[in-house]
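Input: a single structure, listed below in structure tokens.
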Amino acid sequence: MTTDVVILAAGEGSRMLSELPKPLHPLLGKPLIEYVMEASEPLSEKSPVMVVGHGADLIKDNLGERVRFVEQAELLGTGHAVQQAEELLSGHSDLVLILYGDMPLIRQGTLKLIIETQGSHEGPMTILTVESANPRGFGRIKRDSGGNIQAIVEEADASPEELLITELNAGIYCFRSDWLWSSLKKLGISSSGEYYLTDLVSLAAEDGLSIKSVLAGDPEELIGINTRVHLAESSQILRKRINQELMLSGVTIIDPSSTYIDPDVAIGRDTMIYPNTYLQGNTVLGQKCLIGPGTRIINSQVGNSCQIEFSVIESSLIEDGVDIGPFSHLRKGAHLGPGVHVGNFGEIKDSYLGKGSKMGHFSYIGDAQIGADVNIGAGAITCNFDGKEKHQTVIKDGVFIGSDSMLVAPLEIGENSRTGAGSVVTKDVPPDTVVVGIPARQISKKKKAT
Ligand code: UD1
Ligand code: CA
């Protein structure tokens with residue numbers, strides 16, 4: 001059986017009090033609509049149809065070709081919203097799954113179950129329901145004495161008796177496509193001036209058609225985002241899910257409540273995450289690392305057996321056995337080879353440090369290519385910017401940079417050379433040479449080890 005997916009996202013989201021359309025509000029680093037997309041995209045061969053209204057242009061820009069968009073010019077209710085997709089979808093798939101763009105916690109497995117349930121019965125629709133004593137304004141599921149679903153009653157229209165019903169309409173449905181498109185035409189306008197999608201339930205019941213339901217196992221999945229309070233609630237739930245999944249896959253998290261890991265982060269076994277740590281974007285950490293406390297790693301790759309403490313790492317590549325911190329900052333394009341050591345108060349940008357090189361204290365390395373086993377003394381700096389342009393520094397294998405050396409780029413320092421403490425190096429240094437002073441000049445040739 002084939003299924004089309006329709007996502008309703010035309011609502012105003014007025015309670016967000018925001019210029020940003022609600023579906024684009026970030027949740028753990030990604031627009032919240034992205035979670036609904038990821039849960040529903042694999043359920044159909046074809047791209048989902050999204051009904052948009054408020055903020056349509058920005059939403060379209062954000063999702064692009066992944067979605068077929070239809071516009072709902074006037075917000076006349078959920079039934080009217082679905083009608084906008086009729087022209088595109090009528091006569092195509094066997095089933096239509098309908099869900100909202102503001103329920104980011106919904107799991108793919110739940111959606112699959114609704115589709116499977118609808119696929120295996122004769123009736124025209126399957127609805128997802130949830131049992132809860134806290135109705136949050138949801139519609140009530142009305143059943144007859146035999147347990148057959150008769151209607152969904154909106155809170156505004158419910159009698160005091162109906163208000164006591166604890167089985168609620170989650171707002172996710174799967175329909176037999178032919179029945180959906182012909183029945184939507186029969187929807188009447190409600191007392192609030194809207195066309196309710198939920199009125200399809202009583203239409204079906206009146207025709208004696210059977211309606212199936214799937215009871216949600218985890219009510220948290222159905223939290224809809226209407227305010228920024230809901231956004232924070234959702235982010236907490238999502239974080240808990242991510243942390244639990246990681247712990248069950250062999251990662252130690254000392255204090256999950258203060259550990260913020262984005263959904264696309266991957267972490268190897270026996271890595272230990274200390275408190276107050278943020279792992280963001282598409283960061284990948286290897287096995288047996290010690291990360292944190294107090295560390296933020298964004299869009300970076302970290303190898304096995306690395307240790308990073310109280311540091312910030314952005315868009316960097318860190319190979320195996322590296323240790324960093326406390327209090328260092330790797331910026332975009334930092335690449336540390338195996339076994340590199342970066343100690344206190346180091347900053348590295350667009351630079352490579354070769355195997356086993358060390359910069360222990362107070363250094364800035366920018367736009368530099370540094371070989372293996374180089375020692376960068378305390379306070380040494382690449383002066384990579386002349387006020388107009390950035391220039392490269394090349395430091396070959398085995399070089400010893402004395403404390404407080406200023407390396408004025410463009411500059412190349414040959415293999416196994418040394419700079420004296422406090423020297424200002426303005427000219428290239430040949431291999432095996434010692435330079436000192438301001439500006440630095442050669443004082444000796446190093447003896448080659450025999
Ligand atoms: C709807 C259901 C209610 C259910 C609840 C679950 C109806 C009539 N009621 O309530 O039974 O318990 O969802 O959350 O369907 N939207 C549009 N165009 C519109 C109106 C809404 O695209 O004209 C979209 C919104 O962007 C949102 C979704 O539909 O994503 C739900 O709209 P909302 O107003 O929150 O639904 P309710 O009427 O509160
Ligand atoms: Ca609502």
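Counting starts at 1 for both ligands and their atoms, following the listed order.
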Glu314/Arg296 ion pair, N-O < 4.0 Å: no
Gly77 near ligand 1 by a heavy-atom separation under 4.0 Å: yes
Within reach of ligand 1, part of His80 (heavy-atom separation under 4.0 Å): neither
Contact check, Ala9 vs ligand 1, heavy-atom distance below 4.0 Å: yes
Atom indices of ligand 1, in the order listed, that fall short of 4.0 Å to a heavy atom of Ala170: 6 (C), 14 (O)
Where ligand 1 meets Leu75 - atom numbers and elements under 4.0 angstrom, heavy-atom basis: 18 (N), 23 (O)
Under-4.0 Å heavy-atom contact with ligand 1, by part of Leu76 that carries it: backbone
Side-chain donor-acceptor contact under 3.5 Å, Glu319 with His335: yes
Close-contact set for ligand 1 against Gly139 heavy atoms, below 4.0 Å: 3 (C), 4 (C), 11 (O), 12 (O)
Proximity to ligand 1 by part of Ala81, non-hydrogen separation under 4.0 Å: side chain
Gly11 N/O to ligand 1 N/O under 3.5 Å: yes
Tyr195, Phe138, Tyr100: member with heavy atom nearest to atom 1 (C) of ligand 1: Tyr100
Side-chain donor-acceptor pair present, Asn384, Thr382, cut-off under 3.5 Å: no
Pair Glu38 + Lys30: basic N to acidic O under 4.0 Å: yes
Residue selection (non-hydrogen contact nearest atom 15 (O) of ligand 1) among Ile127, Leu8, Thr129, Thr78: Thr78
Side chains of Ser191 and Asp157, donor plus acceptor under 3.5 Å: yes
Side-chain donor-acceptor pair present, Ser40, Gln108, cut-off under 3.5 Å: no
Ion pair Glu122/Lys212, N-O distance below 4.0 Å: no
Sidechain-backbone polar pair: Ser311 side chain, Ile308 backbone, donor-acceptor under 3.5 Å: no
Proximal ligand 1 atoms for Thr198, defined as those under 4.0 Å from one of its heavy atoms: 7 (C), 8 (C), 9 (N), 11 (O), 15 (O)
Minimum-distance pair of heavy atoms, taken over all atoms of Pro104 and Ile223: CD-O, 4.0 Å
Short N or O distance, Glu154 and ligand 1, threshold 3.5 Å exclusive: yes
Non-hydrogen atoms of Tyr195 and Gly188 that approach each other most closely: CD2-O, 3.7 Å
Sub-4.0 Å heavy-atom approach of Asp102 to ligand 1: yes
Asn169, Val82, Ile223: member with heavy atom nearest to atom 4 (C) of ligand 1: Asn169
For ligand 1, the portion of Val51 having any non-hydrogen atom under 4.0 Å away: neither
Short N or O distance, Glu194 and ligand 1, threshold 3.5 Å exclusive: no
Side-chain (Asn304) to main-chain (Gln287) donor-acceptor, under 3.5 angstrom: yes
Ligand-residue contact atoms, ligand 1 with Ala10, heavy atoms, under 4.0 Å: 17 (C), 18 (N), 22 (O), 26 (O)
